[in-house]
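Here the structure comes first, spelled out in structure tokens, and everything after it is commentary.
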Amino acid sequence: MKADKFKGIFPAFYACYDDEGEVSEERTKDLCQYLYEKGVQGLYVGGSSGECIYQNLEERKATLKYVAECLKGKLTLIAHVGAPATRDSVSLAAYAAELGYDALSAIPPIYFKLPESSIYKYWTDIMDATDLPFIIYNIPQTTGYNLSMNLFKQLLENKKVIGVKNSSMPVMDIERFKAEGGEEFIVFNGPDEQYVSGRLIGADSGIGGTYAAMPELLLRAEEFVSAGKFTEARKIQRDINDIIIALCSLNGSMYSAIKEVLKLNGINIGSVRAPFEEVTGEDLDKINGIKEMIDQAILKHGCKVSAIN
Ligand SMILES: CC(=O)N[C@H](C=O)[C@@H](O)[C@H](O)[C@H](O)CO
Ligand SMILES: CC(=O)C(=O)O
């Protein structure tokens, strides 16, 4: 197991739609190329940011396919295959393996409040479907289930479990998962607002829903952390947080705000799917200001604008 390929900055990939709201091959590949050129280490495809819960299986498979066609062998690709029914997750997992993804990941079952035995079975059924390594996704804010140490330890007995993406807010959860998982076990920081603190307390890497809006800043934060430059790291985290708060302060979903920012960067991946709401009216005019905040922060912190050239 080469842990290094799971180290670094992994933007959560967005759903890319055409003007009619259908998954777009061309726009999916545009976003792939854009992020590749920024120098990120990998992508987390089809998660919350991929609007997975609002897409059908065919759409999710199409996205997995377009991303693999563009970036397989170039970046580390993690397929999120969580779905309400185990059979759909298994079908997505098998397809991701066929496409050559590097790892699978999944949220726990949603909607029904199932016992831990069912959650264990759900994740294990996904793992049994392929030879790929597996990354547990703990995101209690959206799933209502917070991974217990008990179930975590049980899952660690399966050698396919190589990591956890932890999005719960206490950074101590990251510390505990790392302590229990061990040196080789990969812990991904979930909350982008706590990237620096997550890394300091034990996270190896980060997967985040806002990274693709400002990959330069996250890559730079990582440079500061790995160089032990903690004052600089804290300062860039503050600017990242101001940007996230601004992205979340508009009248539509954060993903809509981010997609509008991306449009200003020349990347049109359409809008968001209902029930997510679009940013509209006067709030749409505020996007220019957010893009300006990102550009200013990129300059201020001496970020590389492109990894290629
Ligand atoms: C609750 C949630 O969606 N968490 C995401 C994944 O961990 C984050 O990446 C957020 O999108 C990000 O921290 C902005 O709040
Ligand atoms: C991290 C995130 O936003 C996702 O699950 O896609």
Side-chain angles (χ1 to χ4, degrees), residues 7-12 14 34-35 38-42 44 47-49 138-142 165-175 177-178 187-262 264-265 267 279 283 285-307:
K7 295 262 167 75
I9 296 297
F10 286 69
Y14 304 128
Y34 176 79
L35 293 172
K38 296 293 176 188
V40 302
Q41 277 70 34
Y44 190 81
S48 330
S49 304
N138 186 44
I139 180 161
Q141 301 96 313
T142 58
K165 160 168 161 38
N166 187 65
S167 296
S168 68
M169 293 311 281
V171 284
M172 186 183 167
D173 291 352
I174 285 175
E175 189 274 333
F177 289 139
K178 185 69 186 176
V187 180
F188 290 90
N189 181 77
D192 307 359
E193 299 85 340
Q194 299 179 174
Y195 181 78
V196 168
S197 35
R199 280 282 281 116
L200 292 190
I201 210 163
D204 303 278
S205 301
I207 295 171
T210 67
Y211 293 8
M214 46 180 158
E216 302 87 349
L217 297 178
L218 272 301
L219 287 162
R220 192 73 172 132
E222 175 52 36
E223 278 178 13
F224 289 141
V225 171
S226 31
K229 296 184 175 173
F230 301 129
T231 303
E232 288 87 343
R234 183 173 52 75
K235 286 183 180 163
I236 199 167
Q237 181 76 70
R238 175 176 292 185
D239 286 341
I240 288 170
N241 291 6
D242 284 344
I243 293 162
I244 295 175
I245 289 165
L247 286 167
C248 294
S249 70
L250 308 184
N251 61 13
S253 105
M254 179 187 84
Y255 299 121
S256 171
I258 290 175
K259 287 176 180 188
E260 294 303 328
V261 169
L262 282 170
L264 297 179
N265 287 334
I267 294 295
V279 174
D283 276 14
D285 301 332
K286 296 182 186 159
I287 298 290
N288 282 309
I290 300 177
K291 153 115 168 103
E292 188 58 26
M293 286 171 83
I294 297 172
D295 290 346
Q296 286 300 325
I298 288 172
L299 276 178
K300 176 173 152 191
H301 298 285
C303 304
K304 285 193 207 82
V305 174
S306 166

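Computed from a predicted model, the values in this text were never measured in an experiment.
Within the model, atoms CD1 of I243 and SG of C248 stand 12.0 Å from one another, a figure rounded to the nearest 0.5 Å. Atom CD1 of residue I267 and atom CG of residue L35 lie 8.0 Å apart, to the nearest 0.5 angstrom. The line from CG of D295 to CG of N288 is 10.5 Å long, rounded to the nearest 0.5 Å. Here CD of E216 is found 12.5 Å from NE2 of H301. Values are rounded to the nearest 0.5 Å. Taking CE from M214 and NZ from K38, the interatomic distance works out to 13.0 Å, rounded to the nearest 0.5 Å. A distance of 7.5 Å separates CE in M293 from CG in D239, rounded to the nearest 0.5 Å.
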Can K291 and N265 be said to form a side chain to side chain donor-acceptor pair (under 3.5 Å), step by step?
CA-CA 8 Å; K291 153 115 168 103; N265 287 334; 2.8 Å; yes
So F224 and V196, side-chain contact (heavy atoms from CB on, under 4.5 Å) or not? Walk me through it.
CA-CA 9 Å; F224 289 141; V196 168; over 6 Å; no
Could you walk me through whether N166 and N138 pass the side chain to side chain donor-acceptor pair (under 3.5 Å) test, one step at a time?
CA-CA 5 Å; N166 187 65; N138 186 44; 2.8 Å; yes
What's the verdict on salt bridge (charged side-chain N to carboxylate O under 4.0 Å, His left out) for E223 and K304, showing C-alpha distance, side-chain angles and the deciding distance?
CA-CA 11 Å; E223 278 178 13; K304 285 193 207 82; 3.2 Å; yes
Quick one: do S197 and Q194 satisfy side-chain contact (heavy atoms from CB on, under 4.5 Å)? Show the steps, please.
CA-CA 5 Å; S197 35; Q194 299 179 174; 3.6 Å; yes
Can K235 and E232 be said to form a salt bridge (charged side-chain N to carboxylate O under 4.0 Å, His left out), step by step?
CA-CA 5 Å; K235 286 183 180 163; E232 288 87 343; over 6 Å; no
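Ring centroids of F10 and F188 are separated by less than 6.0 Å, placing the two rings close together.
Closest of all the heavy-atom pairs between S49 and A12 is OG-CB, 3.4 Å. Scanning both residues, I287 and A257, for their nearest heavy atoms gives CD1-O, 3.7 Å. Residues D283 and S249 come closest through the heavy atom pair OD2-O, 4.4 Å. Nearest heavy-atom pair across G209 and D192 is N-OD2, 3.3 Å. Scanning both residues, V40 and P215, for their nearest heavy atoms gives CG1-CB, 4.1 Å. Across every non-hydrogen atom of K7 and S205, the tightest pair is CA-OG, 3.1 Å.
Without hydrogens or angle criteria, Q237 side chain to E193 main chain gives a donor-acceptor distance under 3.5 Å. R220 contributes no side-chain N or O that, together with a main-chain N or O of I298, makes up a donor-acceptor pair within less than 3.5 Å. A donor-acceptor pair is defined here as one N or O able to donate and one able to accept, closer than 3.5 Å; such a pair exists between the side chain of Q141 and the backbone of S167. Distance alone, capped at 3.5 Å, places no donor-acceptor pair between the S168 side chain and the P140 backbone. Put simply, the side chain of Y14 never gets that close to the backbone of I258: no donor and acceptor are under 3.5 Å apart.
In this structure the side chain of Q41 reaches within 4.5 angstrom of the side chain of L219, judged on heavy atoms.
The existence of a salt bridge linking E222 and R199 is confirmed by a sub-4.0 Å separation between a basic side-chain nitrogen and an acidic carboxylate oxygen. Salt bridge absent: E175 and K178 never bring a charged side-chain N and a carboxylate O closer than 4.0 Å.
Side-chain polar atoms of K229 and T231 form no donor-acceptor pair below 3.5 angstrom.
Checked options I9, I240, N241; the residue passing with Y195 is I9 (criterion: side chain to side chain contact (heavy atoms under 4.5 Å, CB included)).
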